[in-house]
Amino acid sequence: MRHVLNVQSVLSYSDVPDGQIQDSPATALNSRRGGFVHGTKIATDRGWKAVEDLLAGDLVRTMDNGFQQVCRISTDCISVPANENRTENLLVRVPSNTLYSGRSVWLMPEQGMVIDNTKLINGPITLPISMPVVPARVLSGTFRLTSGTPASYFDVCSLFFEQDEVIYIEGGLRAFCSAGRFGSSGRPQNASYKIVDAEQTDELVDRVAHSRDIAVLANSLGALPAPIQQNPIFPVRPVKAVRRAGRPGRPAPLI
């Protein structure tokens, strides 16, 4: 029997007394991480769901492996000092008119995002994989993405799977989620993505900045996930000599 865990952890509530943010180094470092800001919608087998509504065991749409079960969810409270201006500690805002959706999306600075290397103008750069993963913070300044923060403190959920996965979030963005820490098997053998090093990231982001195709960052089909059909797509064949309901044709023969 497979067991799934839903671990709920809370950080930094003690650092936010009476709604005030403390301008301390520990508080600033709190914001430099990955995960999904509450309100971000995730593609699941039931359509779009806000990340905070997901539970361990829910099926999430992945780029390589269909729908995969969430094994663990970690929920943290993130705080950003009011005077913070360092890009590495600020979130990245993707404006609504950039993606395949009508809403803007906030990305945590260290959240891994997948770049479609094959969509770059003048051809892909030399990489061993076609879907490299880079932290969201390095994408600030490309495609009108900007650095900032949605609030002085906010909640973030991190999703963990049996193995490393890339999932679809609203707007068609492809987000990297690492394997859970309990018996994880790491990167799937058929995966086409990998976290690239700093030197490759610089070259890649420079090419992304000059790209005119948002498909480098987002997938139009990934923005419109279809829920799994719970009923057969085609109606069951009727019993012989019985007319199918609502279908024109000859009436059943009289006995």
Side-chain angles (χ1 to χ4, degrees), residues 10-13 15-42 48 50-53 74-115 132-159 167-177 195 198 201-202 204-219 222-223:
V10 179
L11 301 179
S12 299
Y13 278 116
D15 294 332
V16 191
D18 301 322
Q20 299 297 318
I21 298 300
Q22 294 183 351
D23 296 333
S24 66
T27 302
L29 289 174
N30 189 20
S31 66
R32 191 173 181 178
R33 52 154 293 171
F36 304 104
V37 178
H38 278 202
T40 304
K41 294 184 178 179
I42 309 295
W48 292 111
V51 66
E52 65 268 25
D53 294 332
S74 174
T75 303
D76 305 320
C77 181
I78 303 299
S79 56
V80 182
N83 61 350
E84 182 59 67
N85 57 13
R86 290 169 293 180
T87 302
E88 62 268 25
N89 289 332
L90 293 175
L91 281 71
V92 176
R93 180 180 179 272
V94 187
S96 58
N97 58 354
T98 297
L99 301 176
Y100 302 106
S101 69
R103 292 185 357 127
S104 60
V105 179
W106 285 98
L107 303 174
M108 290 296 291
E110 296 300 324
Q111 174 58 50
M113 305 303 299
V114 170
I115 304 299
V133 180
V134 300
R137 57 181 169 77
V138 303
L139 297 173
S140 182
T142 67
F143 287 104
R144 299 187 296 278
L145 275 63
T146 56
S147 298
T149 179
S152 55
Y153 61 96
F154 47 88
D155 291 326
V156 169
C157 283
S158 297
L159 307 180
I167 68 173
Y168 288 102
I169 66 175
E170 59 182 307
L173 291 167
R174 297 167 290 245
F176 175 78
C177 293
I195 300 175
T201 296
D202 291 341
L204 184 63
V205 172
D206 182 65
R207 293 282 294 278
V208 170
H210 292 88
S211 177
R212 299 182 182 90
D213 189 357
I214 190 59
V216 171
L217 298 182
N219 184 296

Check: P109 and L91 side chains under 4.5 Å, non-hydrogen atoms | yes

Got L139 and I115 here, is their nearest side-chain heavy-atom distance under 4.5 Å?
-> yes

Carefully, step by step, assess V80 and N89 under the rule side-chain contact (heavy atoms from CB on, under 4.5 Å).
-> CA-CA 8 Å; V80 182; N89 289 332; 5.9 Å; no

Any E170 side-chain heavy atom under 4.5 Å of V105 side chain = yes

Could you grab the distance from atom CZ of R103 to atom OG1 of T40, nearest 0.5 Å is fine?
-> 7.5 Å

When you measure from the side chain of D213 to the backbone N and O of A215, does any donor-acceptor pair fall under 3.5 Å?
-> yes

In this structure, OH of Y153 is separated from CD1 of I78 (nearest 0.5 Å) by 13.5 Å

At what distance, to the nearest 0.5 angstrom, does CZ of F36 lie from CD1 of I167?
-> 4.0 Å

Between the side chain of Q111 and the main-chain N/O of R33, is any donor-acceptor distance below 3.5 Å?
-> no

Quick one: closest heavy-atom pair of G34 and S158, and the distance?
-> O-OG, 4.1 Å

Side-chain donor-acceptor pair under 3.5 Å between T87 and S140, yes or no?
-> no

Would you check if V37 and M108 make a side-chain contact, meaning some heavy-atom pair closer than 4.5 Å?
-> yes

For the pair V94 and F143, evaluate side-chain contact (heavy atoms from CB on, under 4.5 Å) and give the outcome as yes or no after the intermediate values.
-> CA-CA 8 Å; V94 187; F143 287 104; over 6 Å; no

Kindly indicate, with the supporting measurements, whether the criterion side-chain contact (heavy atoms from CB on, under 4.5 Å) is fulfilled by I169 and L107.
-> CA-CA 11 Å; I169 66 175; L107 303 174; 4.0 Å; yes

Does some side-chain heavy atom of N97 sit less than 4.5 Å from a side-chain heavy atom of R144?
-> yes

State, with a plain yes or no, whether a side-chain heavy atom of R174 is found less than 4.5 Å away from one of Y168.
-> yes

How far does NE2 of H38 sit from CG of D53, to the nearest 0.5 angstrom?
-> 9.0 Å

Hey, could you give me the CG/CZ distance between L159 and F176, rounded to the nearest 0.5 Å?
-> 12.5 Å

S104 and S96: which non-hydrogen atoms are nearest, and at how many Å?
-> N-CB, 3.6 Å

Could you tell me the separation between the CD1 atom of I42 and the SG atom of C177, rounded to the nearest 0.5 Å?
-> 7.0 Å

